[in-house]
Structure formats: structure tokens, C-alpha cells
Amino acid sequence: MWKEETFMFCKTFWFNGHHSDDFGLYILSLDNFEEDSTIGSNIEFTTVKNSNSDVEKVVATQYSESITTKIQVFKLENCHKMGEINPRELSNIMRWLNRKDGFHTFKLIEEDYDDLCFEAMINATKIKIGGYIRGLELTITTNKPYVCTDDITKTFTVAKNQPIVLLDDSDEVGYRYCHIQIKLLEAGNLSICNGIENRYTVINNCKQGEVIEMFGDTQIITSSLSSSTHSTLYDDFNYAYFRLANTYDNRVNKLTFSLACQITLTYNFIRKVGM
């Protein structure tokens, strides 16, 4: 039987435009309930070995599952006294949580998670205590095997061949594409070098005042100029979309721009912390 003293903590979450406390719902940990969750980031290895060897060699890897978890939420008054969810309230809650139109932003309102953003779908079942609906058990499924930080946007102006340094703070070793907007302060051939990979992003025949955007995730490049003014854009680009990178021992991205530019860069980092 439920007792008030069984509460260990209560907190809220944000999903698809609303906080859970807008509906009087709080996440509780009860003394008879263990959260069923995965951290995610489980890696599946494909290996081979030669017929004359006992040694396995990795030839491919992939993440095998996304983050999933179950939590219990209860109707509380002032985050203390147990309440009841009536049918009309349940209808509104299910309209909010249980959706068929894809993944939506989910955030835990907790200090250690305040800068982390999940994309989730939610299923719900009723929890009855004393013959009344007191709460819901939520099964939360995300679209990735890890969580990402909120987007970080930085704007800076660089002189020709002036190096700048950014740190890649991701938990995933490798690279991550970014959204970059470049306003050219002079005309010429633009080359962006990221020293950590010795990788060059090249766009030739740029015009002063031209604004070029690269959307790394979707692999799209655009120019603020009309197609007739920079009609050769797609031939002038080497299709090495801008990205940040890190190795296990090095997170320093030293960027050098061959032309004076004003840069607006938007990116995020991977965190392997589960939910």
C-alpha cells in the first residue's frame, strides 16, 4: 500500500511544449519500484578471423539500440499529497504524451540534465491505488543511442588566416557535422582548415558580402546571392562539409579561414549518460 513516506524524490519533465507540472504530474521513485532503463550506446561488433588464426578482428561496428526507460509519474498536490486523475484530465494528458506524429523534445528538469535534450516517443499505462487513477507508468523511447546537449551557437569575426580554437567536448570519438553561416568580408577563394583532421572545406569565387550556409546534417549548401551572381557555387564547392572532431587524446580544433569572415556556428555534443 502506498504511503507518503515512501517518496524518495520528485521531479518534473518537459515534453512537446509543456512541463509535467502543468498537469500536476511529478516523477517519483517509490520503495517498491526500480526504473527499467538502459544507458544506450551499446555497440554491436562484427568480427572475422582467418582460418589459421584464433584472433578476432573487428570489421564493423554499430549501435544496437536507442535509449529506453520506464518512469512513474503521479498526480500530486504541492508535490506532496497524492491526488486523483479524473477521466477528463487523463484525456488531456494522453493527448499531450501519446502521439503518432514522431519524436518530440523531452527534457528532465534536474540539475545534472539541464543542458541535455532527448527526442522521444511515449506510451502510458494507468496506475491505480485504492480504486482511483493516481498516476501513469511511462515507457519512453528515444531516437538515438545517446543524448545530445542543447545547441550551442557562437559568433566570431576572423581576419584572413587568423587561427581560432574550439574544443570538441563530445563523448563520442570522431567527428560531428555543424551548421555554419559564413559572411564574406572580402572576395576570393575561401578555404577553411581544421587542423585536428588536416581537412579543408573549399568554396571558390566568393563575393564580398555573400552569406554562405552549410547544413552538415542534411548536406546542403546555400548562398545569399542569386543563382546568376554565384551560378558556379556547386562547382566551386569541394563538398567537404564543415565539421568538428576529436581523437581520444585531443579535443582541440584549430580553425583557419583563408578570407576575412564573420562566422556563426551552431553545434552540440554527444553525451553517453542515459536517462
Side-chain angles (χ1 to χ4, degrees), residues 1-44 63-151 268 270-275:
M1 180 178 293
W2 167 83
K3 297 179 181 179
E4 286 188 4
E5 59 266 27
T6 59
F7 291 178
M8 292 174 61
F9 66 88
C10 72
K11 57 187 177 183
T12 61
F13 65 90
W14 190 93
F15 179 73
N16 191 35
H18 293 281
H19 285 89
S20 61
D21 57 4
D22 293 341
F23 300 86
L25 296 178
Y26 295 84
I27 304 169
L28 303 184
S29 179
L30 304 179
D31 58 4
N32 63 347
F33 175 70
E34 292 185 4
E35 293 182 357
D36 176 19
S37 62
T38 64
I39 294 177
S41 304
N42 290 329
I43 299 174
E44 189 176 276
Y63 288 110
S64 59
E65 61 183 11
S66 296
I67 297 171
T68 60
T69 192
K70 290 183 179 180
I71 61 174
Q72 290 186 337
V73 297
F74 288 85
K75 177 73 177 293
L76 297 180
E77 298 175 5
N78 299 321
C79 196
H80 177 68
K81 183 180 179 182
M82 185 73 75
E84 174 191 350
I85 302 174
N86 63 44
R88 182 58 184 168
E89 290 173 322
L90 182 60
S91 176
N92 289 333
I93 291 168
M94 292 300 291
R95 178 178 171 81
W96 166 50
L97 292 178
N98 194 226
R99 304 177 62 98
K100 296 192 296 183
D101 56 350
F103 293 91
H104 293 273
T105 300
F106 179 97
K107 292 179 71 73
L108 289 169
I109 310 303
E110 184 180 2
E111 182 178 357
D112 292 338
Y113 284 79
D114 59 357
D115 67 337
L116 301 183
C117 181
F118 299 85
E119 296 295 321
M121 292 192 296
I122 299 176
N123 285 317
T125 57
K126 295 181 288 188
I127 298 174
K128 283 190 173 182
I129 299 175
Y132 297 99
I133 301 173
R134 303 291 189 179
L136 300 168
E137 182 170 280
L138 307 182
T139 300
I140 302 169
T141 302
T142 71
N143 65 345
K144 291 187 285 290
Y146 43 74
V147 61
C148 292
T149 63
D150 292 330
D151 283 346
N268 56 32
I270 290 172
R271 292 284 181 265
K272 296 182 179 181
V273 296
M275 186 183 296

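Quick note: residue numbers are just sequence positions, from 1.
Atoms CG and CD1, from L25 and I27 in turn, are 9.5 Å apart once rounded to the nearest 0.5 Å. Interatomic distance, CG of N16 versus NE2 of H104, reported as 4.5 Å (0.5 Å rounding). Rounded to the nearest 0.5 angstrom, T125 OG1 and L136 CG are separated by 7.0 Å. Distance CD1/I133 to CG/N86: 9.0 Å, rounded to 0.5 Å. Within the model, atoms CD1 of I93 and CZ of R88 stand 11.5 Å from one another, a figure rounded to the nearest 0.5 Å. A distance of 11.5 Å separates CG in N92 from CD1 in I85, rounded to the nearest 0.5 Å.
For the pair I270/K144, no side-chain contact is recorded, criterion being any heavy-atom separation below 4.5 Å from C-beta on. The closest side-chain heavy-atom distance from Y113 to V147 is not below 4.5 Å. Proximity of N123 to L138: side-chain heavy atoms (C-beta onward) are nowhere separated by under 4.5 Å. Contact of the L76 side chain with the L28 side chain is registered, since non-hydrogen atoms from C-beta on lie closer than 4.5 Å. Contact check for R134 versus E84: side-chain heavy atoms found under the 4.5 Å cut-off.
The minimum heavy-atom distance linking A120 with F15 is given by the pair O-CE1, 3.6 Å. A124 and M94 make their closest contact through CB-SD, 3.8 Å (heavy atoms, listed as atom of the first residue, atom of the second, distance).
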Take T149 and L116, measure what side-chain contact (heavy atoms from CB on, under 4.5 Å) needs, and give me the verdict at the end. CA-CA 4 Å; T149 63; L116 301 183; 4.1 Å; yes
Report the C-alpha separation of I127 and E137 in whole Å, then their side-chain angles, then the decisive distance to 0.1 Å, and conclude whether the side-chain contact (heavy atoms from CB on, under 4.5 Å) test is met. CA-CA 7 Å; I127 298 174; E137 182 170 280; 4.2 Å; yes
Stepwise, does the side-chain contact (heavy atoms from CB on, under 4.5 Å) test hold for Y26 with T12? CA-CA 5 Å; Y26 295 84; T12 61; 3.6 Å; yes
I would like to know whether E119 and T142 meet side chain to side chain donor-acceptor pair (under 3.5 Å); could you show each step before the answer? CA-CA 5 Å; E119 296 295 321; T142 71; over 6 Å; no
Step by step, would you call F106 with I122 a side-chain contact (heavy atoms from CB on, under 4.5 Å)? CA-CA 10 Å; F106 179 97; I122 299 176; 4.2 Å; yes
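When each of F13, W14, W96 is paired with F23, the ring pair (Phe, Tyr, Trp, His ring centres under 6.0 Å) condition holds for W96 and for no other.
Checked for salt-bridge contact, R271 and D115 miss the test: no charged N lies under 4.0 Å from a carboxylate O.
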